[in-house]
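Numbering starts at 1 and runs along the sequence shown. Given the structure is predicted, the values throughout are model-derived calculations rather than measurements.
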Amino acid sequence: MRKRCSIRLLVFGIVITASLSLCLGFWAGTRKNWDAYEQHIALLQQKNEALLHKQRQLEQEMSNTAESLHVIEPYAYVLLAEDGFVAVYQADRETLYATTGILLENLPDNLQQEIQDGKIISSEEQLYNFLENYSS
């Protein structure tokens with residue numbers, strides 16, 4: 001009976017020792033990985049701060065450049081008078097985009113003058129708004 005009891009104690013001791021060894025190994029490995037993770041996070045934060053600083057510098061340079069250039073927005077269409085009607089040309093003033101049924105004489109005097117000089121329309125939305133307003 002003593003042999004069985006001592007064998008059980010030996011097996012129990014081995015199991016407890018193995019369990020403790022596994023737990024300590026897991027804890028040590030996890031701790032090592034956690035330290036590496038924290039170092040990686042700190043490095044990423046440093047890189048992020050450096051990138052944000054560069055981005056702020058570039059934005060400042062871009063705003064300074066835009067202010068100094070007085071950027072002019074390009075236009076897409078030009079309204080011109082053609083045979084007493086309003087015609088829509090592309091920005092090159094040579095390519096006809098559309099003809100309209102809008103009589104030039106039915107428009108206000110200041111608008112007639114603008115169209116004869118070449119009224120600039122910067123977007124398709126503005127063009128359609130103009131056409132809706134002055135079409136019959």
Side-chain angles (χ1 to χ4, degrees):
M1 185 89 150
R2 267 189 111 152
K3 269 187 164 180
R4 283 188 181 171
C5 192
S6 58
I7 291 175
R8 286 181 185 163
L9 281 175
L10 179 65
V11 169
F12 181 72
I14 291 172
V15 169
I16 292 296
T17 304
S19 297
L20 285 175
S21 295
L22 286 173
C23 289
L24 285 174
F26 179 75
W27 180 79
T30 304
R31 184 68 189 156
K32 182 179 177 183
N33 286 341
W34 186 257
D35 290 341
Y37 174 75
E38 286 178 338
Q39 288 174 353
H40 187 67
I41 293 296
L43 180 64
L44 288 175
Q45 286 175 337
Q46 289 173 352
K47 287 181 179 180
N48 192 32
E49 287 298 321
L51 288 172
L52 286 173
H53 181 71
K54 284 182 183 179
Q55 182 180 6
R56 286 185 202 114
Q57 284 179 332
L58 287 173
E59 287 173 352
Q60 182 67 30
E61 289 174 11
M62 296 278 290
S63 68
N64 291 344
T65 302
E67 288 173 5
S68 66
L69 290 178
H70 301 289
V71 177
I72 299 172
E73 291 186 28
Y75 58 93
Y77 305 99
V78 179
L79 300 179
L80 295 169
E82 188 174 283
D83 298 327
F85 290 93
V86 176
V88 182
Y89 283 84
Q90 291 185 356
D92 62 4
R93 293 179 179 240
E94 294 177 9
T95 308
L96 181 65
Y97 180 74
T99 56
T100 69
I102 302 171
L103 281 170
L104 192 61
E105 64 188 32
N106 292 344
L107 298 175
D109 291 337
N110 61 342
L111 189 56
Q112 286 181 25
Q113 186 59 44
E114 280 185 64
I115 291 173
Q116 287 177 355
D117 294 339
K119 179 171 176 56
I120 293 172
I121 304 289
S122 60
S123 70
E124 226 174 270
E125 182 180 348
Q126 285 182 344
L127 174 63
Y128 289 124
N129 285 339
F130 174 86
L131 295 175
E132 278 182 11
N133 289 335
Y134 292 105
S135 295
S136 55

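For Asp83, the CG atom counts as loosely surrounded, since its 6.0 Å shell holds 12 or fewer non-hydrogen atoms of other residues, nucleotides or ligands. Atom CD of Glu38 sits in a crowded spot, with more than 12 heavy atoms from other residues, nucleotides or ligands closer than 6.0 Å.
Residues Tyr77 and Tyr128 are members of one and the same hydrophobic cluster, defined by side-chain heavy-atom contacts under 4.5 angstrom among Ile, Leu, Val, Met, Phe, Trp and Tyr. Clustering ILVMFWY residues whenever any of their side-chain heavy atoms sit less than 4.5 angstrom apart, transitively, puts Ile7 in the very cluster that holds Val15.
Of all heavy-atom pairs spanning Gln90 and Tyr97, the tightest one is NE2-CD1, 3.9 Å. Across all their heavy atoms, Leu96 and Val88 have their closest contact at CD1-O, 3.5 Å. Minimum heavy-atom separation, Glu105 to Gln112: O-NE2, 3.3 Å. Between Leu104 and Ala81, the closest heavy-atom pair is CD2-CB, 3.5 Å. Contact record, Lys119 with Leu111: CD-CD1, 3.7 Å, taken as the closest heavy-atom pair.
In this structure, Leu127 CG and Leu131 CG are separated by 4.5 Å, a value rounded to the nearest 0.5 Å. For the atom pair CZ of Phe12 and OG1 of Thr17, the computed distance is 9.5 Å after rounding to the nearest 0.5 Å. Here the straight-line distance linking atom CD1 of Ile102 with atom CZ of Phe130 works out to 5.0 Å at 0.5 Å rounding. Taken to the nearest 0.5 Å, the CG atom of Asn110 stands 9.5 Å off from the CD1 atom of Ile115. Of the inter-residue distances, the one linking Ser21 atom OG with Ile16 atom CD1 reads 11.0 Å to the nearest 0.5 angstrom. Rounding to the nearest 0.5 Å places OH of Tyr89 at 6.5 Å from CG of Leu80.
With hydrogens and angles ignored, the 3.5 Å screen pairs a side-chain donor or acceptor of Asn133 with a backbone N or O of Asn129.
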* To do: Please report the C-alpha distance between Tyr134 and Leu107 in whole Å, then the side-chain angles of each, then the deciding distance to 0.1 Å, and finally whether the side chain to side chain contact (heavy atoms under 4.5 Å, CB included) criterion is met.
  => CA-CA 8 Å; Tyr134 292 105; Leu107 298 175; 3.4 Å; yes
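The residue from Gln126, Glu125, Glu124 that alone fulfils the side chain to side chain donor-acceptor pair (under 3.5 Å) condition with Ser122 is Gln126.
For Gln113 and Asp109, the side-chain atoms include no donor-acceptor pair closer than 3.5 Å. There is a side-chain donor-acceptor pair under 3.5 Å between Glu59 and Gln55.
In this structure Gln57 satisfies the side chain to side chain donor-acceptor pair (under 3.5 Å) test together with His53, sequence neighbours excluded.
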